[in-house]
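When reading the values below, keep in mind they use all heavy atoms of this one structure, side chains included, and skip hydrogens, waters and symmetry mates. This is a predicted model, so every value here is computed, not measured.
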Amino acid sequence: NVSESPIRLVGMLGRVYDIKQPLLFCQSAEILLKEDPNLKFIWGGDGPDLMRVKNYISDKNLNEKIIFTGNLSGNQLIKFWEQIDCLMLTSRSEIFPTIIIEAFISKTPVITTNFDGHHELIIDGHNGLVVNKDKFEQDITSCFHQLKNKELRSKLVYNAYDFYEKKLSNVEYFHQQHKKIYKEIL
């Protein structure tokens with residue numbers, strides 16, 4: 001139950017490459033570990049920047065705190081979602097971030113950077129928390145402190161799942177949205 005458990009494991013799933021900003025994920029971990037040294041961070045995925053990121057983690061002596069697992073599939077993905085307490089999306093850009101939808105479905109609170117398009121899924125303070133790129137260190141710390149509030153965490157998770165059920169899994173809603181877009185274009 002999200003309202004009863006402290007945040008101990010922060011996760012991310014995705015390709016390890018520049019657009020996903022895995023180094024920003026690691027730098028965020030460094031910032032948050034100063035606030036709470038009991039935290040751990042896990043990234044499931046592989047990619048061209050994996051060795052560079054692992055070297056960064058090693059150079060910072062954070063091998064026990066930040067783990068890059070490589071690709072996950074099947075039961076590993078299920079276990080990932082069961083274990084993490086928060087999704088931290090550090091992307092610079094996303095076309096349609098299905099990872100956020102997966103977090104909504106698994107009732108995992110979301111912290112995300114304010115990449116173009118995040119607002120289509122995340123309403124800051126309502127169903128997730130948004131970190132401003134221009135004041136990142138201040139915002140990531142603030143978001144983490146907000147997530148320590150069990151009532152707020154429960155509200156975010158409830159609203160996120162409600163958004164998923166009413167809008168993202170609703171075929172009629174999607175149909176109406178597409179009709180609206182087509183009318184605007186024509």
Leu23 reachable from Leu62 in the ILVMFWY side-chain graph, under 4.5 Å edges: yes
Trace of the side chain to side chain contact (heavy atoms under 4.5 Å, CB included) decision for Lys20 with Glu94: CA-CA 8 Å; Lys20 300 285 186 185; Glu94 292 278 344; 2.6 Å; yes
His126 backbone acceptor or donor facing Asn159 side chain under 3.5 Å: yes
Side-chain (Asp162) to main-chain (Tyr158) donor-acceptor, under 3.5 angstrom: no
Gap separating the CD atom of Gln27 from the OG1 atom of Thr90, nearest 0.5 angstrom: 9.5 Å
Pairwise side-chain contact, Asn114 with Val131, heavy-atom cut-off 4.5 Å (strictly under): no
Beyond-backbone contact of Leu87 with Pro109, side-chain heavy atoms, under 4.5 angstrom: no
Note, Trp81 side chain near Lys107 side chain (heavy atom, < 4.5 Å): no
Salt-bridge contact Lys40-Glu64 (side-chain N to carboxylate O under 4.0 Å): no
Residue pair Ile101 / Phe96, side-chain heavy-atom distance below 4.5 Å: yes
Side chain to side chain, Pro48 and Arg15, heavy atoms closer than 4.5 Å: yes
Pair Tyr56-Arg52, side chain to side chain contact (heavy atoms under 4.5 Å, CB included): steps then yes or no: CA-CA 6 Å; Tyr56 177 89; Arg52 182 171 61 105; 6.0 Å; no
Other residues, nucleotides, ligands: >12 heavy atoms within 6.0 Å of Asn38 CG: yes
Flag side-chain contact, heavy atom, 4.5 Å: Leu39 against Lys65: no
Approximate separation, where rounding is to 0.5 Å, of Thr112 OG1 and Leu89 CG: 4.0 Å
Flag, side chain of Ser142 to backbone of Gln138, donor-acceptor distance under 3.5 Å: no
Straight-line distance of Ile140 CD1 to His145 NE2, nearest 0.5 Å: 11.0 Å
Residue Lys79 excluded, over 12 heavy atoms near NZ under 6.0 Å: no
Same apolar cluster: Tyr17 and Ile66, side chain cutoff 4.5 Å: no
Whether over 12 other heavy atoms sit under 6.0 Å from Asn61 CG: no
Side-chain (Asp46) to main-chain (Gly70) donor-acceptor, under 3.5 angstrom: no
Derivation of the side chain to side chain contact (heavy atoms under 4.5 Å, CB included) call for Thr113 and Arg92: CA-CA 7 Å; Thr113 50; Arg92 181 176 56 240; over 6 Å; no
Separation between CD of Glu137 and CG of Asp139, rounded to the nearest 0.5 Å: 10.5 Å
Non-hydrogen side-chain atoms of Thr108 and Ile84 separated by less than 4.5 Å: yes
Side-chain (Asp49) to main-chain (Asp18) donor-acceptor, under 3.5 angstrom: yes
Test item: Ser28 and Phe144 side chains (from C-beta on) under 4.5 Å apart, heavy atoms: no
Sequence-distant partners of Phe68, ring pair (Phe, Tyr, Trp, His ring centres under 6.0 Å), two or more places apart: Trp43
Over all atoms of both residues, closest heavy-atom pair of Gly44 and Thr69: CA-OG1, 3.2 Å
Linked, directly or transitively: Leu9 and Ile99 (ILVMFWY side chains, under 4.5 Å): yes
Atom pair CG (Leu147) and CD1 (Ile7), whose distance is rounded to the nearest 0.5 Å: 4.0 Å
Polar contact flag, side-chain donor to acceptor under 3.5 angstrom, Glu102-Tyr164: no
Minimum heavy-atom distance Phe163-Glu120, with the two atoms named: CZ-O, 3.7 Å
Side chain to side chain contact (heavy atoms under 4.5 Å, CB included) assessment of Lys54 paired with Ser58: CA-CA 6 Å; Lys54 284 188 171 188; Ser58 184; over 6 Å; no
Ile122 versus Val130, closest heavy-atom pair with distance: CG2-CG2, 3.6 Å
Same apolar cluster (I L V M F W Y, side chains within < 4.5 Å links), Leu156/Ile123: no
Distance in Å, Asn127 CG paired with Tyr161 OH, rounded so as to fall on 0.5 Å steps: 14.5 Å
Over all atoms of both residues, closest heavy-atom pair of Gly125 and Lys155: O-NZ, 3.1 Å
Single-linkage hydrophobic cluster Ile105~Leu13, side-chain heavy atoms < 4.5 angstrom: yes
Neighbour count >12 (heavy atoms, 6.0 Å) for atom CD1, Ile181: yes
Shortest non-hydrogen contact between Val53 and Cys26, atoms and distance: CG1-SG, 3.7 Å
Test item: side-chain donor near acceptor, Glu151 and Ser154, under 3.5 Å: no
Which atom of Ser91 lies closest to which atom of Phe115, heavy atoms considered: O-CB, 3.8 Å
Other residues, nucleotides, ligands: >12 heavy atoms within 6.0 Å of Asp36 CG: yes
